[in-house]
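Order of appearance sets the numbers: ligands from 1, and atoms from 1 within every ligand.
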Amino acid sequence: MNLEIPSPELCRQLEMLRNELRHHAYRYHLLDDPEIPDAAYDRLFRQLVELESRFPELITPDSPTQLVGAPPLAAFAAVAHGVPMLSLDNAFSMTDVEEFDRRVREGLGKISEMQYMAEPKVDGLAISLVYRHGVLVRVATRGDGRVGEEVTAQAGTLAGLPREIVGENMPTLLEVRAEVYMPLSAFAAYNEQARARGERTFANPRNAAAGSLRQIDARITAQRSLTLFCHGLGLVEGGFLPETRHALLDHLAAWGFPVCPERRVVTGVAGCLEFHAELLARRDRLDYEIDGVVYKVDAREDCERLGTLTRTPRWAVAHKFPGREALTRVRAIEIQVGRTGALTPVARLEPVVVGGVTITNATLHNFQELQRKDVRPGDQVSVRRAGDVIPEVVGVVEQGRMRPEVLACPTHCPVCQAPVIQLVGETIARCSGELSCPAQRREGIRHFASRRALDIEGLGEKLVDALLQSDMIATVADLYALTEKRQELISLERMGEKSADNLLQAIAASKNHGLDRFLFALGIREVGEATARNLASHFKTLDNLENANLEELEGVPDVGPKVAARVHGFFRAPGNQEILARLKSASSTWQTWAGTPAGLLRPLEGQTVVLTGTLATMGRTQARARLEALGAKVSGSVSRRTDFVVAGADPGSKLTKAREFGVAVLTEAEFLEKIQATQGGFQS
Ligand code: IVH
C-alpha cells in the first residue's frame, strides 16, 4: 500500500519527464536523428519507471513506459504485426541480472540453474520478415510494436536476406524477427564520403541503418550496405518449432538465414556474466555495433509459461554495455595541423568517461562540419568514442550561455603562418607550408615511425618534438644519422643512456622492413597500406617505381589517375628527392619487395603475436621463427594491440591479460592449424 500522496508538483514532473522522453523517442525512432546518447535516454526512462512504481495510480496508458517505439511514418504502408514486436527490459548491473534470473526461476518454480541463450544485442533496427510457403512476401519495421511500416522493397536490398527458403519442416507461414544493421566498416566509409561531400553524417550505426532502410526510394537503401542477423520468430503456422532457442537459431542458420555467430547457451547468472565480460572485451573487434548482450530462457516451453508484460517479455533481458556516447561541455575549440597539412578543428572537453576511457578531446572533422553542427565553447555536447576510432563530437545538446562566434577556417596556418588553401569541391582546408610547417613535419615523422609503417618503438610525440626543437633532426632521413649524436641524445630531457640506446636500436631495426612498409611510411597522400603493397609488389624495386610514368602507375591494381598523380608528383618534388637519396643510402632492404624472391606471401604481416606456456610440438625459438617467417611480430607482452596469443601448457599471466583485453587465444592445435593453413601461402 502506497502511503505517499503525489503532490501537484510531482504530477507536473511526471508529465514533463514523459514529454521529454516522447520528444527523444520521436527524434530516435522517426527522424533517426537523436539528440542525446542512449545512456542519457535510459536514465530518464529509469527515473520515470521509478516514479511510476512509487505511484502506480499515476501510470497513464500513453506513458512511454507502456509503449514500444513510435507510431509508423505515414509515408510507408502500415502493417499490423500478427504477434506484437516487443522491447526488452534492460539490466545495467550484476544485481539487475540476478534479479532477472530470480524472477524467471520464481515464475517457473525452479530451483536448479537456468539455461539461457546468450547473444549480442545488435544496435540496429528490428524488422519482421514474413515467408509464405518459403517465399518472402513482406518485410516491416517494428513501428510501435503493433503496427509497423512496410519496407519490403527496401529490405530486398539487404545483403544475405534469403528471398526464398528451402528445407525440411518448412512452416506454411513463417515470420522471422531480425535486426538490420550497417557494418561498422560501411558506416565509417559512408560518413567519410558524406564528410568529403560536405553532407550530413549519421550520428551512429543504428541511425545509419534506420535512416537507410526507411528511405522511400529503395535505390538509396541499396547503396547503403545494410545486412541483418535473425534472432527469433513471430507468427508461425503449420510446421515444426524447435524445443529450444539454440536449436531454433541453428535451424534458421541451416535454412540460410544470417544468424549471429557470437551466440552460446550459458548456465545461470555466472554463465551470463561471463558471456557479458567476454563480449564486452571483444566489442571493438566486431564489425557491428553491439550495445549489450541479451539473455533469453532457452526452453520454449518455459518462455511460453513465463509470457510477456505489456511491452517486454518476462523470459529475456538486455544486459547493457557502457555507452559509446556521453554528454560533456566544450571548453575550447582549437585547430590541429595534420601530416598532410589538413586543418582539423578539435574540441577540448571537460573530461568525460566514454566506454571506460576518459576523453578530453574530440574531433570536429572539418570547418564545414563545425559550422553545420554549430559547436561553440560552453556548449553541452554529445561525444562518441568507438574502438580505435578518434572520439568525435556528435552534436550540441544544449547551447552554452555565452556563445562566442563559431570558429571560422583561418586564412593562415596557426602553426607556420603559410596561407591556407581549400580546393574547389574539397571540404578539407590545408596549410600550404608542406615540410616547412613544423606541424606537418612532426606528424610526418610520427607517421614514418608508427607501428604499421617502420615501427620505431619509443619515438613518440614528445621525443619527436624534442628532436625537432633541438635541431637534431629536421626530416626522417636525419633519424639515420642519430647514431653519431648519441651523446646529444642522452642529454635530452627524460632520456638516459638506456633509452637512447633502445631508440638507436629501434631505428636500426626499422631498416629491415621491405619496400611496401617503406612506401607506406613515406606518407605519400592517398597511399595507404594496401596501395603501398600493390605498388611494391607491382614494381618490385624503388627505382622502378620512381621511374614509372603515369600510365605505368595506373596499371597497378586500385591505382587511378588521382593516386598515380600523387605518387608521380611525390618522387619528382625536389625537396623529396634529396630526402629519398639519403634514405636510400641508409637501407637497401627498403628498396626491394620482400615478397618477390620465393614468391612468399606473408599472411601474418603486421600482426603481433604473444607466446605463453610450453608447446608440445616445438620450442619457443622455433615457434617464434615460424611466426616471423609468416610476417608476424612476436612480442613478449600482451597489450590491446596484440592480435592473438598462443597458449601452451601451463600458461602464465599473459593468458589472463589476453582474456582481460579480449585478445584471441589459440591452443597449440589451433596454432598448428593456422600456420599450416597460412603456409598454403607459399606460391607454387
Ligand atoms: S530479442 C521480445 N535479440 O533489441 C523482444 N532483440 O530492445 C525480442 N535486438 O526490438 C527481442 N539484438 O530490435 C532480441 N539478439 C537480439 C537482439 C534484439 C538486438 C533489438 C531488437 C528489439 C530490441 C529490444
Side-chain angles (χ1 to χ4, degrees), residues 25 28-29 32 38-39 41-42 45-46 49 64-65 67-70 72 81-92 96 100 104 116-129 139-149 151 155 175-182 204-207 209-210 213-214 226-236 245-246 248-249 252-253 257-266 272 275-276 279 283 286 288-298 300 302-304 306-321:
Y28 182 95
H29 291 291
D32 301 318
D38 291 1
Y41 180 87
D42 287 344
F45 196 89
R46 266 178 296 168
V49 169
T65 58
L67 304 170
V68 169
H81 299 300
V83 176
M85 287 182 81
L86 300 179
S87 187
L88 285 169
D89 197 10
N90 287 330
F92 296 96
D96 290 349
F100 160 73
V104 164
Y116 293 108
M117 179 74 232
E119 54 196 80
K121 184 170 187 295
V122 179
D123 204 10
L125 85 157
I127 55 162
S128 139
L129 312 163
V139 182
T141 66
R142 181 170 71 167
D144 64 6
R146 281 159 218 287
V147 180
E149 301 150 323
V151 288
E175 183 190 356
V176 175
R177 299 273 166 91
E179 194 76 2
V180 171
Y181 67 92
M182 183 181 281
N204 56 51
R206 194 214 84 90
N207 297 126
L213 187 68
R214 298 166 72 250
L226 299 182
T227 180
L228 74 166
F229 279 139
C230 299
H231 55 62
L233 295 180
L235 198 59
V236 179
R245 288 192 177 275
H246 75 265
L248 166 70
L249 294 184
L252 286 176
F257 288 98
V259 178
C260 181
E262 306 289 337
R263 60 183 196 272
R264 189 164 86 214
V265 177
V266 298
C272 290
F275 184 82
H276 183 267
L279 232 66
R283 180 191 203 183
L286 302 175
Y288 41 90
E289 183 78 311
I290 60 178
D291 59 344
V293 291
V294 189
Y295 314 128
K296 301 172 186 170
V297 170
D298 194 37
R300 180 160 58 88
D302 287 346
C303 291
E304 280 163 10
L306 285 163
T308 67
L309 298 164
T310 351
R311 57 183 291 280
T312 58
R314 286 200 186 86
W315 41 261
V317 75
H319 190 181
K320 301 296 279 280
F321 285 163

Report summary line: d(Arg142 CZ, Ile127 CD1) to nearest 0.5 Å is 12.5 Å
Query raised in the report: Does atom CZ of Arg146 have more than 12 heavy-atom neighbours, drawn from other residues, nucleotides or ligands, at distances under 6.0 Å?
Result: no
Report summary line: The ring-ring contact (aromatic ring centres under 6.0 Å, His included) partners of His81 (sequence neighbours excluded) come to none
Query - Geometric class of the Tyr116/Tyr295 ring pair [parallel <30°, tilted 30-60°, perpendicular >60°] - result: tilted
**Report entry** Under 3.5 Å donor-acceptor, Asp298 side chain and Met117 backbone
**Finding:** no
Query raised in the report: Does a salt bridge link Asp89 with Arg311, judged by any charged N lying under 4.0 Å from a carboxylate O?
Result: no
Query raised in the report: At a 4.0 angstrom heavy-atom cut-off, what protein residues surround ligand 1?
Result: Leu86, Ser87, Leu88, Glu119, Pro120, Lys121, Val122, Ala126, Arg142, Glu179, His231, Val294, Lys296, Pro313, Trp315
